[in-house]
Amino acid sequence: MKAIKGELQSLKKLQKQFIKERDRQEKLAFEKKVTIAKSEGKIPPLSPEDRQIFRQSLRGVVPLPDKNRIGHKAVPLKHPEFYKAKREQAEGELLLSPTKRTKTPHSRKIEPKRHEQQEPNTYLADGVGKDVLSKLKSLNWSVEATLDLHGATLDQATVRFDRFVSTCFEHQVRCFMVIHGKGHGSKGGEAVLKQNVLSWLRHLEHVIAFIPAPENLGGEGAVMVLCKG
């Protein structure tokens, strides 16, 4: 019996030594992987201790039953070239060619034709059905691009407006929005940008209608514009 007990103790001792050596080898292998990952700029792998903690944190977690749902994929952009051009312009990689306008809005004293019984800050080109305005108000066309002129001077707004609408027309954007503000920050509280933006839009051949934006999109401080299809 003593001999058997001695052999069992020796086996246990060997087993402990084996486990200790295995843990040491695993630790060395893990440290080697971490060193390689860092040298390659990659995220280091999780340590065995971290893996154990993660498994413990998932105890009692039950997978959700299959709801038989259909996975939805992202809808492709309607005009990817337009958004690419805008991103490049924002990053300073692209400068859109200037439009034909060379004078500042101060010198543009032209009274545009107005549609009969037209609401304030609303425009409908001649020959366009009045139902277009109601459809625009009900967001029948989604806004595909937005220009924010907050904080811009009149000269800055002129340049940015020309570049923006040129890009929209070039890429056949049907509906866009211009945020001009309500004039609270200007001298005398006069909405200078708003007046000029609406005037510029009325003189653009491609613009067939515009209305003040819905309250959740800026209200009287923005204008929704519809272009020719």
Side-chain angles (χ1 to χ4, degrees), residues 1-96 139 141-152 156 159-160 163-164 166-168 170-181 185 213-219 221-222 224:
M1 292 294 293
K2 290 183 179 180
I4 295 174
K5 288 182 179 179
E7 290 179 359
L8 288 175
Q9 289 177 353
S10 297
L11 287 173
K12 289 181 179 179
K13 186 176 180 180
L14 288 172
Q15 186 180 23
K16 289 181 179 179
Q17 291 176 351
F18 172 77
I19 293 174
K20 185 176 180 180
E21 180 63 21
R22 184 192 63 186
D23 292 343
R24 190 181 72 85
Q25 293 294 335
E26 289 180 351
K27 184 178 180 181
L28 290 174
F30 171 75
E31 291 176 351
K32 184 178 180 180
K33 289 180 180 180
V34 171
T35 303
I36 294 174
K38 288 182 177 180
S39 64
E40 295 178 351
K42 298 180 181 180
I43 300 176
L46 293 175
S47 66
E49 293 80 5
D50 291 334
R51 292 178 182 274
Q52 183 64 25
I53 293 173
F54 177 73
R55 292 191 186 98
Q56 291 177 354
S57 66
L58 292 180
R59 286 181 180 177
V61 175
V62 180
L64 293 173
D66 186 8
K67 296 292 185 179
N68 204 20
R69 295 177 178 175
I70 299 176
H72 293 281
K73 295 183 179 180
V75 180
L77 296 174
K78 188 176 181 181
H79 303 290
E81 301 87 359
F82 167 77
Y83 293 101
K84 182 180 179 181
K86 292 300 292 180
R87 183 170 61 252
E88 290 176 348
Q89 180 184 354
E91 294 173 353
E93 299 177 7
L94 176 68
L95 182 62
L96 299 177
L139 302 179
W141 295 277
S142 58
V143 177
E144 300 175 49
T146 302
L147 172 65
D148 191 348
L149 295 176
H150 268 125
Q156 291 171 342
V159 175
R160 292 175 58 189
R163 290 177 178 174
F164 176 75
S166 295
T167 307
C168 290
E170 179 183 354
H171 296 283
Q172 300 178 352
V173 173
R174 190 71 198 278
C175 182
F176 63 83
M177 185 169 67
V178 179
I179 303 174
H180 44 63
E215 286 301 322
N216 62 325
L217 295 178
M224 285 182 58

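Values below: every heavy atom of this structure, side chains too, minus hydrogens, waters and symmetry copies.
The CG atom of Asn216 lies 7.5 Å from the CG atom of Leu139; values are rounded to the nearest 0.5 Å. Here the straight-line distance linking atom CG of Asp148 with atom CZ of Arg160 works out to 7.0 Å at 0.5 Å rounding.
Within the structure, side chain to side chain donor-acceptor pair (under 3.5 Å) pairs that include any residue of residues 53-63 do not occur (at least two apart or interchain). For residues 33-45, the salt bridge (charged side-chain N to carboxylate O under 4.0 Å, His left out) pairs, not counting sequence neighbours, are Glu40-Lys42. Within the structure, side chain to side chain donor-acceptor pair (under 3.5 Å) pairs that include any residue of residues 14-23 comprise Glu21-Arg24, Glu21-Gln25 (at least two apart or interchain).
Scored by the side-chain contact (heavy atoms from CB on, under 4.5 Å) test, Ser47 finds Phe30, Glu49, Asp50 as partners (sequence neighbours excluded). Taking Gln156 as the reference, Thr153 meet the side chain to side chain donor-acceptor pair (under 3.5 Å) condition, with sequence neighbours excluded. Ala213 meets the side-chain contact (heavy atoms from CB on, under 4.5 Å) test with Met177, Leu217, Ala222, Met224; sequence neighbours excluded.
Remark: Ile43 CD1 is loosely packed, at most 12 non-hydrogen atoms of other residues, nucleotides or ligands lying under 6.0 Å away.
Nearest heavy atoms, Pro45 versus Ala37: CD-CB, 4.4 Å. Across all non-hydrogen atoms, the minimal contact from Val178 to Phe164 is CG2-CE2, 4.3 Å.
Side-chain contact check for Leu28 versus Glu31: some heavy-atom pair is nearer than 4.5 Å.
Judged purely by atom type and a 3.5 angstrom limit, His150 has no side-chain atom pairing as donor or acceptor with the backbone of His180.
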